[in-house]
2 protein chains.
Amino acid sequence: MHTSAHPLPTDGELEILQILWEKGPSTVREVNDEMNRIRAVGYTTTLKLLQIMDSKGLVSRDSSQKIHVYVAAFPQEQTRKALLDRFLETAFQGAAGEMVLQLLGGHQTTQDELSRIRELLADRDPQNRES
Amino acid sequence: MHTSAHPLPTDGELEILQILWEKGPSTVREVNDEMNRIRAVGYTTTLKLLQIMDSKGLVSRDSSQKIHVYVAAFPQEQTRKALLDRFLETAFQGAAGEMVLQLLGGHQTTQDELSRIRELLADRDPQNRES
DNA sequence: CTTAAAATACGAAATCATTCGTAGATTAAT
DNA sequence: ATTAATCTACGAATGATTTCGTATTTTAAG
């Protein structure tokens with residue numbers, strides 16, 4: 001039952017989405033087993049959350065069979081971007097550059113990511129930049 | 001009353017911290033007035049939140065006078081970093097580089113921030129440093 | 001001194017997110 | 001065909017956050 005427009009997932013919902021993104025379409029049992037590799041969660045807890053997520057439109061499910069199969073309704077990147085935008089506003093008041101500095105200053109990045117970052121920066125070089 | 005070790009601020013608490021960081025030591029009245037420039041909030045709501053924040057150790061207050069004066073207990077950068085670390089884990093599963101790409105891809109950064117970012121990147125990979 | 005204004009303290013409602021127990025239905029096994 | 005296992009549905013308890021009303025205290029005004 002998809003009522004309103006999809007809201008952002010809560011932390012608990014996001015945990016489940018991570019699993020669905022990684023494993024693809026999954027049953028409650030599969031999601032719950034995966035959850036329990038990280039922490040103890042009751043089966044009906046996972047079920048309830050998936051049902052709520054379905055009602056919010058965060059996942060869709062195939063209920064044509066007895067055992068329902070759930071799928072993330074939105075791709076990981078889109079959801080991450082939406083979460084990031086909100087966080088950027090609330091915690092950094094929109095100062096994206098500050099956030100990047102904080103990240104690069106305190107965290108590792110892969111070689112591949114570094115190259116891609118440099119590409120983006122090159123595109124922003126003051127000389128070729130139209131403001 | 002400072003009981004446990006300081007937790008991360010909630011969203012509501014963060015809103016107040018932003019004001020304290022910007023305006024410096026402030027009374028409840030001042031904080032509440034500032035809040036109301038953004039949205040309608042009752043005076044006692046702001047008061048209560050500040051009291052809770054004091055009990056959590058997120059702010060300290062001078063209660064030697066009748067009118068208490070509140071101050072953020074931790075600097076903005078430190079709090080931002082802590083919030084960022086948590087968000088990085090929950091939303092990006094620790095992939096800092098992915099997050100940077102997402103940020104640079106979709107948001108403006110100031111010229112000064114861009115330069116500082118380039119510096120960090122150059123330090124990160126000496127081979128790529130421009131002479 | 002009495003009253004009004006303004007501040008703090010605190011209880012508690014409202015909302016949301018998370019968790020689980022129980023009930024009922026369906027399938028599989030003996 | 002009973003029984004056991006497994007699934008979905010759903011009510012409800014719990015805890016955290018946010019909000020505000022009321023009571024009380026303190027200061028300032030008349």
Side-chain angles (χ1 to χ4, degrees), chain A residues 1-4 6-19 25-36 38-71 79 83 86-87 90-91, chain B residues 1-19 25-36 38-71 83 86-87 90-91:
Chain A
M1 190 118 338
H2 307 218
T3 44
S4 60
H6 45 281
L8 291 179
T10 65
D11 284 357
E13 291 166 347
L14 187 56
E15 258 185 299
I16 287 182
L17 284 176
Q18 308 276 23
I19 291 171
S26 309
T27 65
V28 178
R29 175 67 55 196
E30 289 165 343
V31 171
N32 185 245
D33 285 353
E34 206 55 36
M35 287 285 291
N36 277 279
I38 303 169
R39 61 192 181 88
V41 191
Y43 177 86
T44 56
T45 300
T46 301
L47 169 64
K48 178 71 163 187
L49 215 27
L50 279 166
Q51 288 171 339
I52 290 172
M53 291 169 78
D54 179 56
S55 77
K56 289 182 179 178
L58 291 174
V59 299
S60 62
R61 65 175 165 181
D62 177 352
S63 50
S64 62
Q65 305 301 124
K66 156 85 187 285
I67 300 182
H68 299 179
V69 175
Y70 290 81
V71 188
T79 302
L83 288 169
R86 182 184 59 182
F87 180 77
T90 65
Chain B
M1 189 121 335
H2 308 219
T3 43
S4 60
H6 44 279
L8 290 179
T10 65
D11 283 358
E13 291 167 348
L14 187 56
E15 258 186 298
I16 287 182
L17 284 176
Q18 307 278 22
I19 291 171
S26 309
T27 64
V28 178
R29 176 66 56 196
E30 288 165 342
V31 171
N32 185 247
D33 285 353
E34 206 55 36
M35 287 285 290
N36 277 278
I38 304 168
R39 61 190 182 88
V41 191
Y43 176 87
T44 56
T45 300
T46 301
L47 169 65
K48 178 71 164 188
L49 215 26
L50 279 166
Q51 288 170 340
I52 290 172
M53 291 169 77
D54 180 56
S55 79
K56 289 183 179 178
L58 291 174
V59 299
S60 61
R61 65 174 166 182
D62 176 352
S63 51
S64 61
Q65 305 302 122
K66 156 84 186 287
I67 300 182
H68 300 179
V69 176
Y70 290 82
V71 189
L83 289 169
R86 183 183 59 181
F87 180 76
T90 64

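Every chain is numbered from 1 and lettered A, B, ... according to where its sequence line falls, protein lines coming before strand lines. FYI, side chains are in, hydrogens and waters are out, and symmetry mates aren't considered; it's all heavy atoms of this structure.
Counting only distance, with no hydrogens or angles, the side chain of B:Gln18 and the backbone of A:Thr90 share a donor-acceptor pair below 3.5 Å. No donor-acceptor distance shorter than 3.5 angstrom exists from the side chain of A:Glu30 to the backbone of A:Val69, with no hydrogens or angles considered.
Nearest to the side-chain atoms of A:Ile52 among the listed nucleotides C:dC10, C:dT18, D:dT17 stands C:dT18. Of all nucleotides listed (C:dA9, D:dT8, C:dC20), D:dT8 comes nearest to the side chain of A:His68. Side-chain atoms of A:Thr10 lie closest to C:dT18 of the nucleotides C:dT18, D:dC20, D:dT6. For B:Arg39, the side-chain atoms get nearest to D:dT19 when compared with the rest of D:dT19, D:dT8, C:dT19. Set against C:dT8, C:dC20, D:dA9, the side chain of A:Arg61 has D:dA9 as its closest nucleotide. The side chain of A:Lys66 lies closest to D:dC7 when the candidates are D:dC7, C:dT18, C:dA12.
Atom CD1 in B:Ile67 sits about 8 Å away from atom C1' in C:dA6, given to the nearest Å. If you measure from atom CG of B:Asp54 to atom C1' of C:dC10, you get 15 Å, rounded to the nearest angstrom. As a whole-Å value, the separation of A:Leu50 CG from D:dT8 P is 9 Å. Between the CD atom of B:Glu15 and the C1' atom of D:dT18 there is a distance of 11 Å, given to the nearest Å. As rounded to whole Å, 16 Å separates atom C1' of C:dA6 from atom CD of B:Gln65. Residue B:Met53 contributes atom CE, which lies 13 Å from atom P of D:dT19 at whole-angstrom precision. Rounded to whole Å, atom P of C:dA17 lies 13 Å from atom NZ of A:Lys48. Rounded to whole angstrom, the span from the CG atom of B:Asn32 across to the P atom of D:dT19 amounts to 11 Å.
Here A:Gln51 reaches the OP1 or OP2 of D:dA9: one of its side-chain N or O atoms lies under 4.0 Å away. Within the 4.0 Å cut-off from OP1 or OP2 of D:dG21, not a single side-chain nitrogen or oxygen of B:Tyr43 is found. A close approach under 4.0 Å does occur between a side-chain nitrogen or oxygen of B:Arg29 and OP1 or OP2 of C:dA7. For B:Thr45, no side-chain nitrogen or oxygen approaches OP1 or OP2 of D:dT18 to under 4.0 Å.
A residue-by-residue look at A:Leu8 and A:Ala40 shows that A:Leu8 has its nearest nucleotide of DNA chain C further toward the 5' end.
Of all the heavy atoms in A:Val41 and A:Asn32, the pair that sits closest is O-ND2, 3.3 Å. The shortest non-hydrogen separation linking A:Val59 to A:Asp54 is O-OD1, 3.3 Å.
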Chi angles and distances behind the side chain to side chain contact (heavy atoms under 4.5 Å, CB included) call for A:Arg61, A:Leu50: CA-CA 9 Å; A:Arg61 65 175 165 181; A:Leu50 279 166; over 6 Å; no
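The residue B:Thr44 sits close to a base: some heavy atom pair falls under 4.0 Å.
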